[in-house]
Amino acid sequence: MTSTSTPPPAGTSRTPLSHNRRTNAMPDTVIFDVNGTLVDSNYQHTLAWYRALRRSNITVPIWRIHRTIGMGGDKLITELAGPDAEKAHGDEVRGSWDEEFQLLIDEIQPLPGAHELLAEVKRRGFQIVLASSGKAAHVEHSLELIGARELADAWTTSDDVSDSKPAPELVETALQKVSRSSAIMVGDATWDVIAAVKLGVPTIALLTGGSSRAELIDAGSIAVFDSPQDLLDHLDITPLAHPSDETGRNAAH
């Protein structure tokens with residue numbers, strides 16, 4: 001796939017993949033990132049981090065903060081302000097972030113097509129794992145927003161991982177939550193793609209987090225769609241056309 005200087009027409013970056021690079025098999029499990037992929041939260045996260053950093057007299061341009069969203073909070077401060085800032089203010093900033101984010105959480109809404117995408121992927125016989133390194137209360141809030149509690153086979157929270165994206169632990173933990181192991185990931189940030197690639201798990205990326213097509217493709221995504229609704233409308237040209245498991249496929253019809 002090649003990138004151009006202007007946005008490509010619909011379908012340009014939609015390239016089907018016939019197999020899972022890790023197992024050489026069609027996937028039977030779909031790992032969905034949550035923030036920025038299913039719920040429209042990346043800019044609230046960005047603003048909360050900006051305000052939290054300012055409370056510790058650290059000023060970072062908001063655009064730079066946005067580029068780190070999707071990276072774990074344990075790595076974000078070092079990425080933005082350096083190891084000295086993390087050492088001196090890391091826990092303080094993360095505490096401030098939690099307070100600032102709570103002021104914005106009610107503004108967060110599901111992305112169009114998010115619930116319907118999960119429901120259709122489930123109907124087709126895939127297992128679904130929601131992969132988030134967020135706090136349990138925030139994950140629970142997102143589950144309610146997108147009506148995912150009855151659709152997801154499992155989900156992760158910060159309690160499940162010690163090393164966040166772009167480390168692959170979150171993706172690996174998500175796989176361990178279910179019985180199957182041939183997976184594909186759906187995410188919105190380059191950090192999602194990088195983490196999954198480290199495990200050989202292919203990623204379908206969405207533009208809903210604010211990363212560009214070129215960035216997501218360069219990071220290793222196998223296809224890029226505009227939104228959950230766009231992906232839903234084109235599932236049949238992706239590895240999500242049907243699962244590898246015959247029982248799951250038969251149950252879907």
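Basis for what follows: all heavy atoms, side chains included, without hydrogens, waters or symmetry-related copies.
- Between Glu116 and Glu120, the closest side-chain pair of non-hydrogen atoms is not below 4.5 Å.
- No side-chain heavy atom of Phe126 sits less than 4.5 Å from a side-chain heavy atom of Ile184.
- Expressed to the nearest 0.5 Å, how far CG of Leu216 lies from OG of Ser221 amounts to 5.0 Å.
- Ion pairing between a basic and an acidic side chain is recognised when a charged N comes within 4.0 Å of a carboxylate O; Glu86 and Arg94 show such pairing.
- Note that NZ of Lys198 and CD of Glu172 are 12.0 Å apart. Values are rounded to the nearest 0.5 Å.
- Across all their heavy atoms, Ala131 and Ala174 have their closest contact at CB-CB, 4.2 Å.
- Side-chain atoms of Asp153 do not come within 3.5 Å of backbone N or O of Val129 as any donor-acceptor pair.
- Here the side chain of Asp98 pairs no donor or acceptor atom with the backbone of Gly95 at under 3.5 angstrom.
- Looking only at atom types and distance, the side chain of Ser41 has no donor-acceptor partner in the side chain of Gln44 under 3.5 Å away.
- The aromatic rings of Trp49 and Trp97 sit parallel to each other, their planes meeting at less than 30°, with 60° as the upper class boundary.
- A salt bridge (charged side-chain N to carboxylate O under 4.0 Å, His left out) with Arg213 is found for one member of Asp218, Asp188, Asp226 and no other, namely Asp226.
- With rounding to the nearest 0.5 angstrom, the CD1 atom of Ile31 is 11.5 Å from the CD1 atom of Ile128.
- Taking all atoms of both residues into account, the shortest heavy-atom contact from Gly209 to His66 is O-NE2, 2.9 Å.
- A pairwise comparison of heavy atoms in Asn35 and Ser142 identifies OD1-OG, 4.5 Å as the closest pair.
- Counting all heavy atoms, side chain and backbone alike, Ile217 lies closest to Val224 at CG1-CG2, 3.7 Å.
- Rounding to the nearest 0.5 angstrom, the gap separating the CD1 atom in Ile237 from the CG atom in Leu231 is 9.0 Å.
- Taking each heavy atom of Lys177 and Ala154 in turn, the nearest pair found is CB-CB, 3.5 Å.
- Remark: Leu38 CG to Ser227 OG distance equals 11.5 Å, nearest 0.5 Å.
- Atom-to-atom distance recorded for Trp63:CH2 and Thr46:OG1 is 12.5 Å, nearest 0.5 angstrom.
- Of the possible donor and acceptor atoms, one in the side chain of Thr156 sits under 3.5 Å from a partner among the backbone N and O of Ser132.
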Using distance only, find each side-chain donor-acceptor pair of residues 52-62 under 3.5 Å and give its atom names and separation, not counting sequence neighbours.
{"unit_1": "Arg54", "atom_1": "NH1", "unit_2": "Thr59", "atom_2": "OG1", "d": "2.9"}
{"unit_1": "Arg55", "atom_1": "NH1", "unit_2": "Glu99", "atom_2": "OE1", "d": "3.2"}
{"unit_1": "Arg55", "atom_1": "NH1", "unit_2": "Glu100", "atom_2": "OE2", "d": "3.1"}
{"unit_1": "Arg55", "atom_1": "NH2", "unit_2": "Glu99", "atom_2": "OE1", "d": "2.5"}
{"unit_1": "Ser56", "atom_1": "OG", "unit_2": "Glu92", "atom_2": "OE2", "d": "2.3"}

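- Between Ile108 and Leu145, the shortest heavy-atom contact is O-CD1, 3.7 Å.
- In this structure, the side chain of His45 does not engage the main chain of Phe101 through any donor-acceptor pair within 3.5 Å.
- The main-chain N or O of Leu240 is found under 3.5 Å from a side-chain atom of Thr238 such that the two form a donor-acceptor pair.
- Glu140 is not listed as a side-chain neighbour of Lys135, based on a closest heavy-atom distance of 4.5 Å or more.
- With hydrogens and angles disregarded, no donor-acceptor distance shorter than 3.5 Å links the side chain of Thr29 to the backbone of Gln127.
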